[in-house]
There are 2 protein chains.
Amino acid sequence: MKLAEGKEKFIEAWGKLGSEWGINRTMAQVHALLLISPEALTTEEIMAELSISRGNANMTVRDLMDWGLVEKQHKTGERKEYFYAEKDTWVIARQVAKERKKRELDPVLKILNQLSEVTGDVKDPAYKTFKTSVANINKLANNVNKTLETMLKAEENWFFGTVMKILK
Amino acid sequence: MKLAEGKEKFIEAWGKLGSEWGINRTMAQVHALLLISPEALTTEEIMAELSISRGNANMTVRDLMDWGLVEKQHKTGERKEYFYAEKDTWVIARQVAKERKKRELDPVLKILNQLSEVTGDVKDPAYKTFKTSVANINKLANNVNKTLETMLKAEENWFFGTVMKILK
DNA sequence: ATAAACTTTCAAAAAGTTTTGAAAGTTTAA
DNA sequence: TTAAACTTTCAAAACTTTTTGAAAGTTTAT
């Protein structure tokens with residue numbers, strides 16, 4: 001396979017994966033493009049490579065910066081803004097985990113806590129089932145939360161290395 | 001907070017979380033409803049509780065069965081089909097992980113392998129960056145894959161227990 | 001064999017999300 | 001200050017996904 005075809009496949013695959021995980025397809029594609037680009041790119045170049053509009057390119061790049069996955073670069077003597085992606089995949093994975101934890105897990109944990117306060121008749125099966133389910137999900141969510149927090153602090157080798165050792 | 005309000009909040013929160021994770025909102029809501037229901041429910045009851053159409057209820061229940069999260073129950077002497085959800089959250093988490101691994105991670109791993117075959121000029125920065133990025137993502141994806149496979153086989157206490165022990 | 005009870009399908013409609021592109025805004029150099 | 005170079009915004013359009021509900025299909029009891 002040639003590089004041009006490989007690039008295309010990579011961008012497509014990353015976009016698809018992103019959309020399956022609740023990340024907008026274009027955002028994932030722009031990220032993919034920057035990931036495999038040795039140089040920082042301008043909005044114009046992103047627009048041309050992916051055939052997307054100026055507005056879309058601008059919004060997407062801004063979202064990627066919000067996620068901490070892309071940064072601006074200013075070249076001296078140039079007016080244009082250049083964008084480049086963090087290339088270390090472990091840093092990327094942590095950044096994504098951090099953002100999703102903040103946006104999704106944290107609010108759910110909050111609601112689960114509120115739901116632990118629900119009062120009712122201990123003889124009522126509906127109440128009992130509700131209580132048990134909420135308690136179980138709470139426990140799991142807290143375990144996931146703790147694991148994520150550790151991951152956010154950890155180095156890749158340590159994290160997978162240690163887990164791997166236990167796994168065999 | 002009263003049970004009725006708690007139920008509503010729970011169903012809403014589960015639905016929102018689902019949609020953020022690429023799982024259809026209604027599917028997550030039906031799952032939530034069955035999770036906190038002490039008895040198996042009929043299509044009619046699901047329709048009524050969530051105010052959704054017959055077609056939608058039927059499709060959704062079928063999807064949940066495909067995911068291995070819900071099962072049919074036949075009550076003797078009754079024509080109607082009843083549906084109930086697996087209540088053990090660790091089993092649910094594993095089931096979801098299994099399904100998403102199959103649908104999403106496995107295809108990506110396959111493409112990444114193809115992309116390792118891309119040939120080009122070793123002096124070309126575009127080629128070098130492409131190769132490095134693909135190799136790094138490959139490594140991470142394989143680590144995630146191995147961890148998931150272990151999780152799929154593991155017991156909750158063992159999995160989190162062991163990880164937790166290392167974490168402090 | 002029939003009809004009642006129930007389930008499934010699927011085309012069309014509704015809802016939700018993403019993209020466009022032109023206009024407005026901002027920054028810079030001279 | 002001006003105008004050129006560039007970035008941002010946002011309402012409307014395009015696209016995607018989900019939902020509806022009526023019709024078709026299936027099963028069961030008699």
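Every chain is numbered from 1, with letters handed out A, B, ... down the list of sequences.
Contact check on B:K102 versus B:E99 returns a salt bridge, with a Lys/Arg side-chain nitrogen under 4.0 Å from an Asp/Glu carboxylate oxygen.
Residue A:T42 is out of contact with every strand shown, counting any heavy-atom pair closer than 4.0 Å. When heavy atoms are screened at a 4.0 angstrom cut-off, B:R54 is found touching base atoms of the nucleic acid. Among the protein residues, A:S51 comes within range of the sugar-phosphate backbone only, with heavy atoms under 4.0 Å from sugar or phosphate atoms but none that close to a base.
When both distances must be under 3.5 Å, the Watson-Crick or G-U wobble mate of D:dA24 is C:dT7. Of the nucleotides present, C:dA1 is the one that pairs with D:dT30 by Watson-Crick or G-U wobble criteria, both distances under 3.5 Å.
Interface remark: the A:R79 side chain does form a donor-acceptor pair with the C:dT27 base, using a distance-only criterion of under 3.5 Å.
Of the listed nucleotides (C:dT20, C:dT18, D:dT19), D:dT19 has the atom at the smallest distance from the side chain of B:T26.
Annotation: cation-pi pair A:K7/B:F130 absent, no NZ/CZ under 6.0 Å from the ring centroid and within 45° of its normal.
With hydrogens and angles ignored, the 3.5 Å screen pairs no side-chain donor or acceptor of A:E8 with any backbone N or O of A:E5.
Between A:Y82 and A:N56, the residue anchored closer to the 5' end of DNA chain D is A:Y82, taking for each the nucleotide with the nearest heavy atom. Heavy-atom distances to DNA chain D give each of A:N58 and B:I23 a nearest nucleotide, and the one nearer the 5′ end belongs to A:N58.
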